[in-house]
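Start at 1 with the first residue, then count along the sequence. Since the structure is predicted, the reported quantities are computational estimates derived from the model, not experimental observations. Note: hydrogens, waters and symmetry copies are ignored here, and every other heavy atom, side chains too, is used.
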Amino acid sequence: MWDIAGQERFTSMTRVYYRDAHAAVIVFDLTKRSTFDGALKWKRDLDSKCALPDGSPLRPSCWPINATC
């Protein structure tokens with residue numbers, strides 16, 4: 001598991017993180033729009049560098065989760 005906390009300095013290495021992965025989790029804070037915008041950026045990066053073994057695009061699953069502190 002890789003946790004890069006959305007840090008921009010890791011975007012050049014994402015292909016290494018995605019290699020042989022079976023899942024990716026992109027998380028954002030519903031109370032902070034900037035984290036949602038960042039999540040969209042990471043999703044575009046994932047889509048541009050990953051495909052299923054037959055070459056078809058990924059099929060995203062979205063699971064809304066509420067964490068209360």
Open item on the list: Can you tell me how far apart OG1 (T31) and CG (D29) are? Round to the nearest 0.5 Å.
Closed with: 3.0 Å

TODO: Of all the heavy-atom pairs spanning W42 and I26, show the shortest one and how long it is.
DONE: C-CD1, 4.0 Å

- [ ] Rounded to the nearest 0.5 Å, what's the gap from NZ on K49 to CG on L58? Could you check?
- [x] 13.0 Å

- [ ] Identify whether L30 and L40 are in the same connected component of the hydrophobic contact network (ILVMFWY, side-chain heavy atoms under 4.5 Å).
- [x] yes

Open item on the list: Would you say V25 ends up clustered with F36 if hydrophobic residues are merged whenever their side chains have heavy atoms under 4.5 Å apart, either directly or through other cluster members?
Closed with: no

- [ ] For the pair R33 and D37, find out whether any cationic side-chain nitrogen is under 4.0 Å from an anionic carboxylate oxygen.
- [x] yes

